[in-house]
Amino acid sequence: FWTVDRNAELSTSYPQITQAAELLAKNEVVAFPTETVYGLGANAFSDKAVQKIYEAKGRPGDNPLIVHISDHSQLNELVTDIPPYAEELMKAFWPGPLTLILPKKEGLSRYVTAGLDTVAVRMPKHPLALAIIKSAGLPIAAPSANLSGKPSPTLASHVAEDLDGRIAGIVDGGPTGVGVESTVLDCTQEKPVILRPGGVTKEQLETVAGSVEVDQSLIEEGHAPKSPGMKYTHYAPASPLTVVYGSPAFLQILVEQKQLEGSRVGVLSAKETALSYKADQVITCGQREDLESVAASLYDALRKFDNKEVDIIYSEAFPQEGVGQAIMNRLLKAAGHSTVSESGNNGK
Ligand code: TXA
Ligand code: MG
């Protein structure tokens, strides 16, 4: 795949940018970095182009895509009505990891919105993403550039692992940065509602929009999520994962029990506590004291277990504050909500 010199990313004159934009204009699908995860882009107005995304990813047809723009003026062709609080949020967080759900305008490929009357829109912050969208001159539909069900890609090599041979190209901009996907916010209600926690935290949104609600399905089980994508199993490594609420000593006891049963055990740990574990494989993902660093390396860590010989994985839990909400949302999804708690009350 193509590479782009990371230090020179800010230039918009890279041949890779033009090449990617030309392929997009020809209704091909191309992967490129955003500040959250790599996206798999296609012309949002073309049925043929958007269908290629679903084919390449093996994505269920009822899971709509996010439309990426490089300029506010592009909103005119995508949405009909923008509430004042959404305008304020765009001003504060665009370009950035915030996706707004708004009433859609006719003209978009129907495969982008999967039959809904709303559309998800975001302006990414990555200079390469912005340059490619601008150069293509089109709104670009782009889900994360992974095979459906796998952790989202935070390196170009993750994209290649999943999609090499299935897409027209990959623009390599190095590691993405934020590491978890954008926050998806429903802006069709009186108050904004978080449908997927992500790179912009609830606390940050509230500084601009006042009170922000959270979709019931994120708070307790048994509610159908409003964001179709949230109902699918996701991010799962090849071996079963369990999230452990409790001390490193408690987690180590679980490891030893499984090893006595003959299992090879992996542990996903923050750097601070990694030396507490004697397991078959210990993989670290950032520092607990810096949850941004955990978010940045979480998916790479989950993918690393796919290459390791373990039968079962235990992961530490992280505080549900700031970006910790997105981290725990993804970890619990990766675990299929399998949890163990030292205190016996499931730790929540
Ligand atoms: O950070 C990100 O958002 C990345 C980068 C590439 O921009 N993209 C991403 O896309 O994560 P994807 O397709 O993996 O996730 C999009 C989420 C899904 O959960 C989908 O169901 C939801 O957004 N979504 C899209 N359109 C929607 C709509 N009209 N109403 C509710 N949810 C919607
Ligand atoms: Mg995805």
Side-chain angles (χ1 to χ4, degrees), residues 29-42 44 50 53-54 56-70 78-79 93-104 108-126 128-130 132-133 139-154 158-159 162-163 171 173 176-189 192-200 215 217-218 224-236 295 299 323 326 329-330 333-334:
V29 290
V30 179
F32 56 82
T34 80
E35 79 282 20
T36 57
V37 301
Y38 277 77
L40 181 62
V50 175
I53 290 179
Y54 287 88
K57 284 184 55 102
R59 183 179 178 103
D62 67 348
N63 189 6
L65 309 176
I66 298 172
V67 179
H68 294 65
I69 59 175
S70 57
L78 302 176
V79 305
F93 298 107
W94 279 6
L98 177 64
T99 295
L100 304 181
I101 308 292
L102 293 161
K104 77 166 179 190
L108 278 168
S109 165
R110 63 199 161 102
Y111 299 107
V112 168
T113 53
L116 298 175
D117 51 15
T118 55
V119 60
V121 193
R122 113 170 169 94
M123 188 188 293
K125 195 169 187 174
H126 199 291
L128 276 173
L130 286 172
I132 290 166
I133 300 164
I140 300 296
S144 50
N146 50 286
L147 281 176
S148 222
K150 295 255 266 162
S152 296
T154 52
H158 297 160
V159 182
D162 281 14
L163 300 178
V171 179
T176 48
V178 178
V180 290
E181 299 87 343
S182 61
T183 304
V184 176
L185 194 68
D186 183 0
C187 296
T188 64
Q189 315 291 317
V193 186
I194 295 177
L195 304 185
R196 176 178 75 176
V200 176
D215 188 40
S217 71
L218 295 172
K226 278 225 214 127
S227 183
M230 297 301 282
K231 70 174 185 268
Y232 293 105
T233 314
H234 243 97
Y235 316 112
Y299 292 151
V323 77
N329 171 267
R330 306 306 192 271
K333 271 172 108 36

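Quantities reported herein were computed from a predicted structural model and do not represent experimental measurements. Each ligand, and each atom within it, is numbered from 1 in the order the structure gives.
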Residue and atom name of the nearest protein heavy atom (relative to [atom]), distance in Å to one decimal:
| atom | result |
| --- | --- |
| atom 32 (N) of ligand 1 | Ser227 OG, 3.1 Å |
| atom 20 (C) of ligand 1 | Asn63 OD1, 3.2 Å |
| atom 6 (C) of ligand 1 | Gly39 CA, 3.5 Å |
| atom 15 (O) of ligand 1 | Arg196 NH1, 3.1 Å |
| atom 29 (N) of ligand 1 | Thr118 OG1, 3.0 Å |
| atom 25 (C) of ligand 1 | Pro64 O, 3.4 Å |

Atom of [X], atom of [Y] and distance for their closest heavy-atom approach:
| X | Y | answer |
| --- | --- | --- |
| Gly179 | Val37 | O-CG1, 3.8 Å |
| Leu195 | Lys226 | CD2-CB, 3.7 Å |
| Trp94 | Val121 | CZ2-O, 3.3 Å |
| Asp215 | Ala224 | OD2-O, 4.4 Å |

Between [atom1] on residue [X] and [atom2] on residue [Y], distance to nearest 0.5 Å:
| X | Y | atom1 | atom2 | result |
| --- | --- | --- | --- | --- |
| Lys104 | Thr118 | NZ | OG1 | 8.0 Å |
| Met123 | Phe93 | CE | CZ | 14.5 Å |
| Ile194 | Asp186 | CD1 | CG | 11.0 Å |
| Phe32 | Thr176 | CZ | OG1 | 12.5 Å |

Among Val200, Thr99, Leu100, find the one that has a side-chain contact (heavy atoms from CB on, under 4.5 Å) with Ser182.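 Only one option passes, and that is Thr99.
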
Name the residue from Thr36, Val323, Asn329 that meets the side-chain contact (heavy atoms from CB on, under 4.5 Å) definition with Val180.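 Answer after filtering Thr36, Val323, Asn329: Val323.
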
Proximal atoms of ligand 1 relative to [X] (non-hydrogen, under 4.0 Å):
| X | answer |
| --- | --- |
| Thr36 | 1 (O), 2 (C), 4 (C), 5 (C) |
| Leu116 | 28 (C), 29 (N), 30 (N) |
| Ser144 | 8 (N), 9 (C), 10 (O), 12 (P), 14 (O) |
| Pro143 | 6 (C), 10 (O), 12 (P), 13 (O) |
| Ile66 | 3 (O), 8 (N), 9 (C), 10 (O), 16 (C) |
| His68 | 5 (C), 6 (C), 7 (O) |

Testing the 3.5 Å rule here: is there a donor-acceptor pair between the side chains of Ser152 and Glu181?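 On atom types as modelled, these side chains qualify, holding a pair under 3.5 Å.
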
For ligand 1, which is the ligand I care about here, please tell me if [X] has any N or O atom under 3.5 Å from one of the ligand's N or O atoms.
| X | value |
| --- | --- |
| Lys57 | no |
| Arg59 | yes |
| Tyr38 | no |
| Ser182 | yes |
| Lys226 | no |

Would you call Ile101 a ligand 1 contact, heavy-atom distance under 4.0 Å?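 Yes, Ile101 has heavy atoms under 4.0 Å from ligand 1.
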
Any Pro228 heavy atom less than 4.0 Å to ligand 1: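 For ligand 1, residue contact (heavy atoms, under 4.0 Å) with Pro228 is present.
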
Within-4.5 Å side-chain heavy-atom neighbours: [X] and [Y]:
| X | Y | value |
| --- | --- | --- |
| Asn146 | Tyr38 | no |
| Arg330 | Arg196 | yes |
| Thr183 | Pro97 | no |

Under 2.8 Å from the Mg ion (ligand 2), which protein N/O/S atoms are there?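 Sorted hits: Ser144 OG.
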
